[in-house]
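All values derive from a computational prediction rather than experimental measurement. Hydrogens, waters and symmetry mates play no part in the numbers below; they use all other heavy atoms, side chains included.
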Amino acid sequence: MSKTIISTDKAPAAIGTYSQAVKVGNTVYLSGQIPLDPATMELVEGFEAQTVQVFENLKAVCEAAGGSFADIAKLNIFLTDLSHFATVNEVMGRYFQQPYPARAAIGVAALPKGAAVEMDAILVLA
């Protein structure tokens, strides 16, 4: 099966040796997004703002792949401080409706560029 690279300038450019997303069949694997403003490539300030920016970045890549948040089957959330879990849930509620995707929230020691949150996802297109 062939793979298609998904890319958009509405999300931050890759800061390493990876693609924003890769589509194989009807499945799209979205790389981790941190809260970089795609226009400036700088981190946004504040945890809630960082969480919103990550969702906006993921949304842009989903749309570039021809999908939406409704097509996300699995979402992984990486947090440097698990005390922000409730904020993540509140912000996620602005972007998702039931049925929600499968999800993991994982505490990590550090993230690229000093980000407080990172997310990746698996999208399944109809």
Side-chain angles (χ1 to χ4, degrees):
M1 200 174 278
S2 67
K3 62 182 179 180
T4 303
I5 303 304
I6 307 299
S7 181
T8 178
D9 61 1
K10 294 180 181 174
I15 57 173
T17 53
Y18 61 92
S19 300
Q20 289 174 331
V22 176
K23 181 179 177 186
V24 180
N26 67 338
T27 304
V28 182
Y29 301 90
L30 283 73
S31 292
Q33 287 287 335
I34 60 173
L36 293 174
D37 178 322
T40 64
M41 292 299 289
E42 297 293 327
L43 282 179
V44 298
E45 295 292 324
F47 183 78
E48 183 174 344
Q50 285 198 5
T51 304
V52 167
Q53 187 66 56
V54 170
F55 279 121
E56 289 296 322
N57 293 344
L58 284 175
K59 180 180 172 186
V61 179
C62 285
E63 290 172 353
S68 71
F69 279 163
D71 300 307
I72 291 179
K74 177 71 163 98
L75 178 69
N76 291 314
I77 302 169
F78 306 93
L79 300 167
T80 58
D81 183 346
L82 286 172
S83 73
H84 292 301
F85 188 79
T87 302
V88 169
N89 281 333
E90 189 276 319
V91 175
M92 186 174 169
R94 300 178 206 167
Y95 289 92
F96 288 84
Q97 296 178 352
Q98 291 188 5
Y100 300 119
R103 186 184 87 175
I106 303 155
V108 297
L111 291 168
K113 296 195 173 270
V117 59
E118 179 173 2
M119 297 180 208
D120 67 11
I122 300 172
L123 187 74
V124 179
L125 302 174

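Residues satisfying the side chain to side chain contact (heavy atoms under 4.5 Å, CB included) test with Ala21, not counting sequence neighbours, are Ile6, Val28, Leu30, Val61. Remark: Glu118 engages no residue in a side-chain hydrogen bond (donor to acceptor under 3.5 Å, both in side chains) (not counting sequence neighbours). With sequence neighbours left out, Asp37 forms a side-chain hydrogen bond (donor to acceptor under 3.5 Å, both in side chains) with no residue at all.
Considering CD1 of Ile77 and CZ of Phe85, their distance stands at 7.5 Å, rounded to 0.5 Å.
Applying the ring-ring contact (aromatic ring centres under 6.0 Å, His included) test to every pair with at least one member in residues 27-48, sequence neighbours left out, gives these pairs: Phe47-His84. Screening residues 65-92 for salt bridge (Lys or Arg N to Asp or Glu O under 4.0 Å), with sequence neighbours left out, gives Glu90-Arg94. Sorted by first and then second residue, the salt bridge (Lys or Arg N to Asp or Glu O under 4.0 Å) pairs involving residues 4-18 (not counting sequence neighbours) form an empty list.
Cluster membership for Leu125 and Val24, using ILVMFWY side-chain heavy atoms within less than 4.5 angstrom, is not shared. Using a 4.5 Å cut-off between side-chain heavy atoms of Ile, Leu, Val, Met, Phe, Trp and Tyr, with links allowed through other members, Tyr100 and Val91 fall into the same hydrophobic cluster.
Under the 3.5 Å distance criterion, the side-chain polar atoms of Gln33 are left unmatched by any main-chain donor or acceptor of Met119. No donor-acceptor pair under 3.5 Å is formed between the side chain of Thr51 and the backbone N or O of Val88.
When all heavy atoms of Gln20 and Ser7 are compared, the pair lying nearest together is OE1-CA, 3.0 Å. Residues Pro12 and Pro38 come closest through the heavy atom pair N-CB, 3.7 Å. When all heavy atoms of Ala121 and Leu75 are compared, the pair lying nearest together is CB-CD1, 4.1 Å. Residues Thr8 and Ala64 share a closest heavy-atom pair of CB-CB, 3.7 Å.
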Name each donor-acceptor pair under 3.5 Å that joins a side chain in residues 52-60 to protein atoms two or more places apart or in another chain, with its distance.
unit_1: Gln53; atom_1: NE2; unit_2: Asn57; atom_2: OD1; d: 2.9
unit_1: Glu56; atom_1: OE2; unit_2: Tyr95; atom_2: OH; d: 2.7
unit_1: Asn57; atom_1: ND2; unit_2: Ile34; atom_2: O; d: 3.0
unit_1: Asn57; atom_1: ND2; unit_2: Leu36; atom_2: O; d: 3.1
unit_1: Asn57; atom_1: ND2; unit_2: Gln53; atom_2: O; d: 3.4

- Item | Test side chain to side chain contact (heavy atoms under 4.5 Å, CB included) applied to Ile122 and Ile72, step by step | CA-CA 6 Å; Ile122 300 172; Ile72 291 179; over 6 Å; no

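Under the 4.5 angstrom side-chain criterion for Ile, Leu, Val, Met, Phe, Trp and Tyr, the cluster partners of Leu111 are Phe78, Ile106, Val108.
Residues Leu123 and Thr27 are not in side-chain contact: their nearest non-hydrogen atoms beyond the backbone lie 4.5 Å or more apart.
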